[in-house]
2 protein chains.
Amino acid sequence: MSPSAPSPQQPPSRRIAEELRKRIERGELAAGDKLPSERALAEEYGAARNTAREAVRILAEQGLVTAKHGKGVFVRQPQRLFRFGSDRYSIKNRETGLTPFRLEAKRQGKTARIDVLSITREVPPADIAERLQVSADDASVVHRENHYFADDEPVQIVSTYIRWGEAQGTLLMQPKSGPNGIYGRLEELGHVMTRVRDEISARMPTPHEAALLDLLPGVPVLEVLHTSLDQNGEPFEVTRYVHRADQTGLLYELPVEQPTPPEAQ
Amino acid sequence: MSPSAPSPQQPPSRRIAEELRKRIERGELAAGDKLPSERALAEEYGAARNTAREAVRILAEQGLVTAKHGKGVFVRQPQRLFRFGSDRYSIKNRETGLTPFRLEAKRQGKTARIDVLSITREVPPADIAERLQVSADDASVVHRENHYFADDEPVQIVSTYIRWGEAQGTLLMQPKSGPNGIYGRLEELGHVMTRVRDEISARMPTPHEAALLDLLPGVPVLEVLHTSLDQNGEPFEVTRYVHRADQTGLLYELPVEQPTPPEAQ
DNA sequence: TAGTGGTCTAGACCACTGG
DNA sequence: CAGTGGTCTAGACCACTAT
């Protein structure tokens, strides 16, 4: 009928995937519903099971459905997103004692847990060394790795890097880094956080990340490379956040620089 | 050997995928190199072609390799990222006449092209209506859809929404919206952009987006839902940016609110 | 033309879930 | 136990690329 319909010459697996997608979009299959089994789909469309299976794979890749071994394939539930953002570094949060993560978890009625995985002296990755302005050839940094959970589900991986010369022998080497956390210690070392720079990208997870974050196929990660600048514009701390994108979003609210009004004065 | 090695009981397809991944990480297969053909891999590992093919699919899903029909499977080239960020809304850019996109393209030695796809009065999507504070039940907005290209490769899809009541009969309904673009016109209507709010998320593309952005499998999109607030804190424009994540990153640089120093005065 | 990936078939066995 | 997805096999034909 329609002149430029892409359907007629499409292979069966894609055709099945599109029909299922339409059923989902029309609401015939709602979030949480179970799709017909692969064997049922195969029979329904007169195809081999592998062909029906390929159709399901296409939908999973798009993040629309999730297969559960032994149970079936289900339409994915849109998750309410955690919102991390520009206020993540705000002084106010330090004063309340509640970190932004705990605040957001509380707002969603979930329990927050933060595991300190490791605190080690290391050779920094190249991108970190560049931003922290340290050598990438020797063990010039301390790496603190933390994992964040909401209701015991992993939400983000956080890797913080600080210069070894400054962290050495301080609470920055300890899991409990004291009042106001590491930023409190860094302030005592003369670094007042004045500006932040967040570089944001998205990509598919590595197998390692997929395992740590318990990620289903078709779920990307959001990566934030954060640099803290002090009162002299010097970087003194760099953190890499890796968020699971199906449960996490970022929020940046910021003022726009105004031009000097031409008719003022 | 290693006590908790996950390898021994892994299915052949995953084992092949892991070995290929290691070859890539060790640099034996560099960016741009061609992998052994599926048939060659199958023979090398004593498996059926479909099993080798599954291994390649796993790597493609991770964004590590790209299959080219009739040619082979190649290790993906890391692309230099376009950086869009907080200065995207800066007044300075309006004064130079060069949009941030054209500036970034120029910096990378690429040609920029912007296509105005459509300018139509529409019923807004729910998320847009909520942020623009208009009705989602009638055609309360004007939707301007633009596509951005670098060297004729699609980079982002931009959908801007403005209240119909304000756009009606103005240059906001025209492809050429006049000096300083739409923000110039909105300023004449009394809206000075004072703050912006950007909500960022990542997800796999819809088939429609994948086609528009020419996306390979395993490449997610970055979505930015941008709200412009005027001098009264009222939203007057909302834009949805959909970026391809393999060529685009975001950059936010912002000041941190300082507490009143306890010993000042 | 030969070599590549894209898709399909028909069957098999395994692993997980639930009654 | 029956039903589900996860994986594999061995073969086939198609579509695209290069020579």
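Throughout, protein chains are lettered first and strands after them, A, B, ... in sequence-line order, and every chain is numbered starting at 1. Please read these numbers as outputs of a predicted model, since none were measured by experiment.
Contact annotation: A:Lys71 reaches the phosphate of C:dG18 (side-chain N/O to OP1 or OP2, under 4.0 Å). Between B:Ser37 and the phosphate of C:dT4, there is a side-chain N or O to OP1/OP2 separation shorter than 4.0 Å. Look at A:Arg53 and you won't find any side-chain N or O under 4.0 angstrom from OP1 or OP2 of D:dG5. Regarding contacts with the backbone of D:dT7, every side-chain N or O of B:Thr51 stays at 4.0 angstrom or more from both OP1 and OP2.
Whole-Å rounding puts the A:Lys68 NZ to D:dG3 C1' distance at 17 Å. Rounded to an integer number of Å, the gap from CD of A:Glu54 to P of D:dT7 is 13 Å. The interatomic distance linking B:Glu38 (CD) with C:dT7 (C1') rounds to 11 Å, in whole Å. Atom CZ in B:Phe74 sits roughly 16 Å away from atom P in C:dG3 (whole-Å rounding). As a whole-Å value, the separation of A:Gln10 CD from C:dC8 C1' is 15 Å. Spacing between atom CZ of B:Arg15 and atom P of D:dG6 amounts to 22 Å, rounded to whole angstrom units. Between A:Leu41 atom CG and D:dG3 atom C1' there is a gap of 14 Å when expressed in whole angstrom units. Atom CD in B:Glu43 sits about 16 Å away from atom C1' in C:dT4, given to the nearest Å.
Taking both residues in full, the closest heavy atoms of B:Val75 and B:Ala31 are given as CG1-CA, 3.8 Å, listed atom of the first, atom of the second, then distance.
Closest to the side chain of B:Asn50, from the set C:dC8, C:dA10, C:dG5, is C:dC8. Counting only heavy atoms from C-beta on, B:Arg39 has its side chain closest to D:dC13 among D:dC13, D:dG6, D:dA18.
Taking the six-membered ring where tryptophan is involved, the planes of B:His147 and B:Phe149 are tilted, since the angle between them lies from 30° to 60°. Ring geometry, B:Tyr252 versus A:Tyr252: the interplanar angle falls under 30°, so the pair is classed parallel (tilted spans 30 to 60°). Note on ring orientation: taking the six-membered ring where Trp is involved, the planes of A:His143 and A:Tyr161 are parallel (angle under 30°, cut-offs 30° and 60°).
Screening A:Glu145, A:Glu223, A:Glu199 against A:Arg240 for a salt bridge (charged side-chain N to carboxylate O under 4.0 Å, His left out) leaves a single residue, A:Glu223.
Residue-to-nucleotide contacts include no donor-acceptor pair under 3.5 Å from the side chain of B:Arg14 to the base of D:dG6. With hydrogens and angles left out, the side chain of B:Arg49 and the base of C:dG6 share a donor-acceptor pair within 3.5 Å.
Taking a centre distance below 5.5 Å and an interplanar angle below 30 degrees as the stacking criterion, A:His69 does not stack against the six-membered base ring of D:dG6.
Residue contacts shown for B:Val73 are limited to sugar-phosphate atoms, with no base heavy atom under 4.0 Å away.
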